[in-house]
Number of protein chains: 2
Amino acid sequence: MATRSTPAKAAAKISSAAENEAGTRERIFREAERLFARNGFDRVSMRDLTLAAGVNLAAVNYHYGSKDGLLLAIFRRRATELNRERAQLLQQVTEGDAQPAVRAILAALITPATRWISDERRISLQFLIRARSEGNAEIRAILYHDVSHLRRFVDALQRALPALSRREVVWRLHFTLAVLHHNSAADYERLRTLSDGACTPDDREGLLARLLDYTSAGFCTGA
Amino acid sequence: MATRSTPAKAAAKISSAAENEAGTRERIFREAERLFARNGFDRVSMRDLTLAAGVNLAAVNYHYGSKDGLLLAIFRRRATELNRERAQLLQQVTEGDAQPAVRAILAALITPATRWISDERRISLQFLIRARSEGNAEIRAILYHDVSHLRRFVDALQRALPALSRREVVWRLHFTLAVLHHNSAADYERLRTLSDGACTPDDREGLLARLLDYTSAGFCTGA
DNA sequence: GTCTATACAATGATAGAC
DNA sequence: GTCTATCATTGTATAGAC
């Protein structure tokens with residue numbers, strides 16, 4: 001963790017201009033997230049990035065070890081934030097109702113992302129979507145090793161669907177996550193083309209309702 | 001298209017050893033598909049590839065224009081083959097029965113990929129899965145511009161579900177394609193972890209049945 | 001501890017000889 | 001059609017200033 005070495009330096013930071021306010025480490029973080037989200041990981045070179053952030057070329061390696069390390073740091077922070085929101089919503093649903101409906105549980109899984117799209121965290125969500133599909137082996141390792149937040153969803157779903165075995169619940173959650181992660185620009189572009197412009201993701205409420213209709217039905221079939 | 005310049009050259013080809021049988025262009029194609037499927041596009045350098053194929057470094061650029069052009073050429077050929085199999089199966093289903101069930105239509109969409117996994121085209125399918133997620137902007141452009149084969153599925157599904165508007169049919173096909181394309185090694189690794197080893201894609205028949213259960217239910221809900 | 005300037009090996013691409 | 005030599009660009013490593 002970077003610590004401020006002297007009081008004088010901290011004071012200098014406070015009195016500096018607004019855009020230069022954040023430290024080098026954080027400026028790299030913000031600019032990288034923005035550029036990666038917009039252009040993709042591979043299409044942003046270290047020279048592009050450090051120039052845009054107004055820092056030296058070597059600063060990324062100093063603060064994050066490597067370009068991959070930077071990607072990983074951004075991914076960790078944002079993924080943790082999103083998973084925490086999901087966990088909070090799930091807790092609200094399960095503690096109020098002893099046996100919540102499948103649809104309510106799935107809503108806790110889906111709605112945080114739709115919230116982010118609507119506020120200033122849109123860039124962070126775009127970054128996460130890209131990192132999920134373009135990320136390197138380390139990103140993928142996190143994606144499938146860090147499943148603790150998903151286990152809570154499996155538990156809740158199994159309580160809601162006692163007729164299904166735990167194995168079937170996990171299979172259907174696997175399919176449901178596929179639907180939720182199918183959010184790249186290319187996916188929606190094909191949707192628009194295939195529907196001759198009739199289907200767009202702009203209608204957030206309609207999209208959420210359709211997602212819940214489809215995934216709930218898939219989950220509850222035969223149970 | 002590369003043409004043989006002299007009869008003598010063609011004769012020399014026929015008499016050559018089996019592994020050196022294919023022309024330079026095709027040898028590059030085969031070795032590239034194999035290496036890209038196994039290691040990913042970015043992790044195979046032009047020097048790795050040309051060394052493995054036993055051709056000169058500059059041969060890829062001569063025959064395919066660029067590394068991206070080579071990726072694109074492989075993708076085009078394999079995607080066309082897969083879509084053709086899907087179209088043939090769909091035609092068999094629709095011409096035999098005036099009003100086929102949704103499940104039968106979706107089976108025509110899903111089963112070609114499961115066939116490829118079981119025979120020597122496994123590498124080609126692995127390549128397609130990788131290209132879909134790791135591919136560049138040109139790959140994505142093909143993915144969402146070339147939707148003619150999907151339109152036939154929309155038509156068939158709408159006939160099977162007259163209560164749904166065409167718009168809703170396209171939305172649900174969009175979700176269904178998400179489930180079908182959620183096939184990367186990382187996806188299955190997470191599934192295995194989350195289920196403590198209980199869920200694996202090894203049981204092809206079971207996987208196909210689960211896919212059809214889930215997607216059919218999502219398609220037919222409310223109709 | 002932080003930041004800078006600079007050098008380095010590896011990559012995809014290309015020109016021109018044969 | 002094929003090959004050699006060479007190019008600009010990439011991510012990374014390091015020595016040294018402050």
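Computed from heavy atoms alone, side chains included, the values below leave out hydrogens, waters and symmetry copies. Labels below follow one simple rule: chain letters A, B, ... track the order of the sequence lines, proteins then strands, and each chain is numbered from 1. Since the model is a prediction, treat every value here as computed from it, not as a measurement.
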Quiz item: Please give, in whole Å, the distance from D:dG11 P to A:Leu72 CG?
Solution: 17 Å
Quiz item: How long is the line joining CG of A:Leu70 and P of D:dT10, in whole Å?
Solution: 16 Å
Exercise. Verify, without hydrogens or angle tests, whether B:Asn83 (side chain) and B:Thr80 (backbone) share a donor-acceptor contact under 3.5 angstrom.
Key: no
Practice problem: Answer yes or no: does a side-chain N or O of B:Thr24 lie under 4.0 Å from OP1 or OP2 of D:dT2? | Solution: yes
Exercise. Kindly say if B:Asn56 contacts the phosphate of D:dT4, meaning a side-chain N or O under 4.0 Å from OP1 or OP2.
Key: yes
Quiz item: Between atom CG in A:Leu51 and atom P in C:dA5, what is the gap in whole Å?
Solution: 13 Å
Quiz item: In whole angstroms, how far is the C1' atom of D:dG11 from the CG atom of A:Asn136?
Solution: 14 Å
Self-check item: Expected output: side-chain A:Arg132 to main-chain A:His181 donor-acceptor under 3.5 Å
Solution: no
Exercise. Output yes when at least one side-chain N/O atom of B:His63 is less than 4.0 Å from OP1 or OP2 of D:dT2, else no.
Key: yes
Quiz item: How many Å lie between CG on A:Leu49 and C1' on D:dT10, as a whole number?
Solution: 14 Å
Quiz item: Atom CD1 of B:Ile28 and atom C1' of D:dG1: how far apart are they, to the nearest Å?
Solution: 11 Å
Give me the distances for all protein-to-nucleotides 12-14 of chain C N/O pairs that come in under 3.5 Å?
| unit_1 | atom_1 | unit_2 | atom_2 | d |
| --- | --- | --- | --- | --- |
| C:dG12 | OP1 | B:Lys67 | NZ | 2.8 |
| C:dG12 | OP2 | B:Met46 | N | 2.6 |
| C:dG12 | N7 | B:Arg47 | NH1 | 3.0 |
| C:dG12 | O6 | B:Arg47 | NH2 | 3.2 |
| C:dA13 | OP2 | B:Lys67 | N | 2.9 |

Quiz item: So A:Phe175 and B:Tyr214, would you call those rings parallel, tilted or perpendicular, with 30° and 60° as cut-offs?
Solution: tilted
Practice problem: Please determine if B:Arg122 forms a cation-pi arrangement with B:Phe127, meaning its NZ or CZ atom is less than 6.0 Å from the six-membered ring centre and no more than 45° off the ring axis. | Solution: no
Quiz prompt | A:His174 ring center within less than 6.0 Å of B:Tyr188 ring center | solution = yes
Self-check item: Spacing of A:Tyr64 atom OH relative to D:dT12 atom P, expressed in whole Å
Solution: 15 Å
Quiz item: Taking only residues two or more places apart in sequence or in another chain, which ones pass side chain to side chain contact (heavy atoms under 4.5 Å, CB included) with B:Leu125?
Solution: B:Ala113, B:Trp116, B:Ile117, B:Ile129
